[in-house]
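Since the structure comes first, as structure tokens, the remarks are kept for the end.
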Amino acid sequence: MGANAASILNQLLHGVRRPNSPPPGPGAAKAVTQTILGHLEAGRLQEAVSVLFASHEPVAHSLYARLFQLCSSAQAALEARKVEFHLGTFNRTPPAFLLNRAIEAYGKCGCLTDARELFDEMHERDGGSWNAMIAAYVRNGRAKKALSLFSDMNASGVSASEVTLASVLGSCGAVRELGLSMQIHGLMVKRAFCGNVILGSSLVNVYGKCGVMDDSRRMFDEMERPNAVTWNVIVRRYLEMDDEREAIVMFFKMFLTDTRPLKFTFSNALIACSKICALAEGMQIHGFTIKVCLEDDEVVSSSLIDMYVKCVELEFAQKIFDQPCAKNVVSWTSMVSGYALGGRIGKARELFNEMPERNVISWNAMLAGYIRSRQWDEALNFISLMRSSTKDVDHVTLALISNLCTGLSDVFMGKQVHGFVYRCGLFSHLLVSNSLLDMYGKCGNFRYARACFYLMSQWRDKVSWNSLLTSYARHQRSEHAMEMFSEMQWETMPSVFTFGTLLSACANISALDHGKQIHGFMIRRGYKIDIVIRGALIDMYSKCRCIKYALKVSMETAPRDVVLWNSIILGCCHNGLGKDALELFDVMSKEGIQPDHGTFQGLLRACICEDLVDMGGRIFKSMTNVYGVIPRLEHHEQMIELFSRAGWMRELKKFVKTMRIEPTVSMLKRIHGACQKHEFPELGEWASKLLAESNISDPCER
DNA sequence: AAATTTGCCC
């Protein structure tokens with residue numbers, strides 16, 4: 001494109017230079033220069049260049065240099081070409097330093113072809129020419145080109161200056177060129193460039209980007225006077241290596257020096273706090289921002305709001321958000337997201353509706369809220385609203401819609417999402433393909449799940465493996481899940497997510513040895529035994545009839561959440577310890593944990609195995625009256641089981657007749673059986689009549 | 001500077 005434009009320009013130029021135009025009189029050049037300077041002083045670069053262009057006399061080198069510089073900062077490619085043409089036409093061999101300025105100007109304008117042509121045609125290149133050309137590549141994101149030119153430079157015997165090395169190190173960071181960076185580091189030591197703070201910071205940066213944080217930190221510690229940029233780099237690199245603690249520590253260290261943090265450093269440190277919910281540190285940083293009068297800055301206040309949102313301190317976030325200067329799309333989206341993911345969907349939607357402008361991220365934040373709180377219908381409505389309000393749909397939107405299909409167990413809709421993803425060319429996006437894989441797997445469509453999994457061979461990660469593994473385990477294919485685990489280790493490392501699933505698989509097939517091996521493996525390899533893993537361990541040990549271990553794991557350490565308690569209570573029931581289960585419920589209540597559906601299934605199961613019919617009845621009533629947990633189908637089934645086993649037929653009748661739900665076929669069968677055993681025909685006939693009717697209306701249910 | 005996939009009980 002550049003060459004094409006240049007050739008058109010050449011034609012134009014030849015038209016301008018008429019051969020029979022009168023020769024310029026004496027003093028004409030001076031007049032031209034004056035006119036040009038006049039235009040420049042008034043900021044009219046275009047006019048100045050036009051005057052030069054029409055003139056048939058060379059001007060002073062310094063004027064060319066100034067024009068090139070102005071073209072650079074104004075990013076005026078056409079003007080730069082005109083100046084270069086004039087320079088080349090009226091100077092047989094223009095000095096290298098001027099041509100270097102031209103290369104710089106082309107680089108700044110993004111005209112790499114022009115820059116390179118000029119560079120290649122130069123008769124005499126100096127170090128500056130190489131620098132200018134390398135910098136042009138770097139500026140336009142062509143890191144590999146920059147590095148290959150650097151190698152040409154070395155081959156041609158030109159020695160690199162500090163300026164060159166700074167550009168080159170930047171490119172090394174972009175393409176993770178650790179080897180070359182280390183060579184440059186060596187060269188810097190040899191040429192005593194190590195005191196150069198820009199080069200030092202570049203090395204801290206490049207080592208961090210290449211993932212060798214220890215080297216990055218050593219370089220940082222060796223630097224005598226790290227500046228604000230150096231500090232920013234080290235904080236940022238720790239953050240990107242997921243070492244949020246160290247990022248925060250470095251930020252606080254910085255505050256002990258006299259260096260004033262850049263506002264980006266504030267936001268980097270705040271992001272680190274957000275990621276690990278470090279509220280106390282975040283609040284201290286908030287204090288610092290006030291101290292240096294940056295709390296009103298747009299970027300800093302957005303970061304503060306997001307920090308409070310992520311630490312679930314919505315009141316604090318709201319307080320900052322209420323300041324007029326803090327309101328922009330980003331902070332607004334943070335607030336919506338905070339309320340939405342915190343379950344305060346109504347408040348989130350209110351705020352969303354008030355937004356003066358929204359982008360795709362704002363829409364996604366709201367949609368994520370509906371899906372997180374399993375409000376499927378609202379999510380569907382919101383999606384149609386989104387489709388009619390904006391053209392914006394990105395990979396996150398598609399992953400969210402795929403999750404919605406998973407929640408609805410709607411493979412049909414899921415396939416439509418898949419088709420849409422395919423047409424957008426987004427299937428190779430890891431987030432999207434993982435969501436689709438998960439959708440097929442969780443819906444039990446293993447043919448499609450497998451197909452996705454193989455198509456993803458080139459880019460799948462441990463999330464893909466975990467997702468498929470879990471889908472198998474949840475569809476009663478635990479052995480298959482265990483086999484996949486061995487296969488998985490050829491490709492990626494297992495994570496706590498993997499072990500959570502595997503332990504549950506072991507529990508379901510009573511594979512105590514496997515379960516113990518996993519437990520031991522996790523301890524030996526230093527995996528964190530978090531609350532989910534502890535729940536899975538308790539479940540595994542108790543289902544494998546190893547209640548001693550189960551109780552040991554459960555009582556070892558707090559905290560315990562409701563799922564963990566449910567595992568303990570159910571675990572006791574599995575081992576015939578109903579009374580203990582009921583006692584443990586009191587301990588759970590004393591810890592202030594609210595029971596849920598699962599808890600009551602455990603308690604009713606305890607009553608069944610201990611024949612505590614009265615107690616069961618009281619517990620069932622307390623669900624609605626005391627705990628506000630609406631009994632589900634399973635609880636009704638358990639009550640029927642409880643009365644039937646004990647032969648409490650009148651109570652059974654009363655319960656069945658006052659149930660708020662329709663009796664299922666399996667309930668009717670259980671009732672019918674009990675009535676026969678305990679000779680209670682009045683209810684038995686009712687049950688068999690209903691069974692006969694359901695056989696006609698629903699032949700599939702048998 | 002904001003949204004995003006995988007795990008335990010029922």
Side-chain angles (χ1 to χ4, degrees), chain A residues 263-264 266-268 270-271 274 297-307 309-310 326 328-338 340-341 358-369 371-372 394-400 402-403 406 429-439 441-442 460-471 473-474 494-507 530-540 542-543 561-571 573-574 596-602 604-605 632-635 638:
Chain A
K263 53 187 182 177
F264 298 106
F266 274 106
S267 59
N268 284 330
L270 286 166
I271 293 170
S274 309
D297 179 85
E298 211 179 341
V299 174
V300 173
S301 62
S302 298
S303 306
L304 279 169
I305 289 173
D306 197 54
M307 184 273 295
V309 163
K310 295 281 159 58
N328 59 43
V329 200
V330 174
S331 57
W332 212 303
T333 305
S334 283
M335 291 306 297
V336 168
S337 164
L341 298 182
R358 309 179 184 100
N359 58 26
V360 67
I361 300 182
S362 332
W363 285 93
N364 289 345
M366 192 61 228
L367 179 58
I371 292 173
R372 175 80 63 92
D394 70 354
H395 60 284
V396 177
T397 321
L398 292 171
L400 285 169
S402 173
N403 292 345
T406 313
H429 200 296
L430 189 58
L431 178 80
V432 177
S433 43
N434 273 340
S435 307
L436 287 170
L437 169 70
D438 195 55
M439 183 272 297
K442 295 281 153 62
R460 69 191 175 203
D461 65 350
K462 65 183 64 181
V463 174
S464 330
W465 282 92
N466 289 340
S467 164
L468 192 56
L469 209 76
T470 306
S471 295
R474 284 199 193 163
S495 66
V496 280
F497 286 77
T498 324
F499 293 123
T501 296
L502 286 178
L503 286 169
S504 141
C506 292
D530 64 16
I531 195 162
V532 175
I533 292 297
R534 280 166 54 223
L537 281 170
I538 293 163
D539 188 52
M540 185 273 294
S542 57
K543 283 190 180 148
D561 64 1
V562 64
V563 176
L564 195 94
W565 273 109
N566 292 351
S567 303
I568 300 170
I569 289 171
L570 271 162
C573 298
H574 291 135
D596 69 357
H597 292 100
T599 321
F600 286 107
Q601 282 183 45
L604 293 175
R605 177 76 56 83
R632 290 182 183 172
L633 195 81
E634 296 84 351
H635 303 102
Q638 285 181 313

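These values consider heavy atoms only, across backbone and side chains, with no hydrogens, waters or symmetry-generated copies. Lettering of chains follows the sequences in order, A, B, ..., and the numbering in each one begins at 1.
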Residues passing the side chain to side chain contact (heavy atoms under 4.5 Å, CB included) test with A/Ala368, sequence neighbours excluded, are A/Leu341, A/Leu400
Base, sugar-phosphate, or nothing for A/Lys263, non-hydrogen atoms under 4.0 angstrom?
nothing
Which is true for A/Ser567 with a 4.0 Å heavy-atom rule: it touches a base, it touches only sugar-phosphate, or it touches nothing?
sugar-phosphate
Checking all strands, does A/Gly535 fall into the base, sugar-phosphate, or nothing category for heavy-atom contacts under 4.0 angstrom?
base
Give one of base, sugar-phosphate or nothing for A/Leu469, where a contact means two heavy atoms less than 4.0 Å apart.
nothing
List in chain and number order the residues that pass side chain to side chain contact (heavy atoms under 4.5 Å, CB included) with A/Asn359, two or more places apart in sequence or in another chain; answer none if no residue qualifies.
A/Val329, A/Ile361, A/Ser362
Please identify each residue that fulfils salt bridge (Lys or Arg N to Asp or Glu O under 4.0 Å) with A/Lys263, with sequence neighbours left out.
A/Asp297
Nucleotide interval of DNA chain B bounded by contacts with chain A (heavy-atom cut-off, under 4.0 Å)
B/dA1 to B/dC10
Under the rule for ring pair (Phe, Tyr, Trp, His ring centres under 6.0 Å), what residues qualify as partners of A/Trp363, not counting sequence neighbours?
A/Phe352, A/Phe382
Pick base, sugar-phosphate or nothing for A/Asp530, based on heavy-atom distances below 4.0 Å to the nucleic acid.
base
Heavy atoms under 4.0 Å, any strand shown: does A/Leu431 hit a base, just sugar-phosphate, or nothing?
base
Quick one: do A/Asn328 and A/Ser331 satisfy side chain to side chain contact (heavy atoms under 4.5 Å, CB included)? Show the steps, please.
CA-CA 6 Å; A/Asn328 59 43; A/Ser331 57; 3.3 Å; yes
Looking for any heavy atom pair under 4.0 Å, which part of the strands does A/Asp461 touch: base, sugar-phosphate only, or nothing?
nothing
Only counting residues at least two apart or in another chain, list the ones meeting salt bridge (Lys or Arg N to Asp or Glu O under 4.0 Å) with A/Arg460.
A/Glu491
For A/Arg358, report the nucleic acid contact type (base, sugar-phosphate, nothing); a contact means any heavy atom under 4.0 Å.
nothing
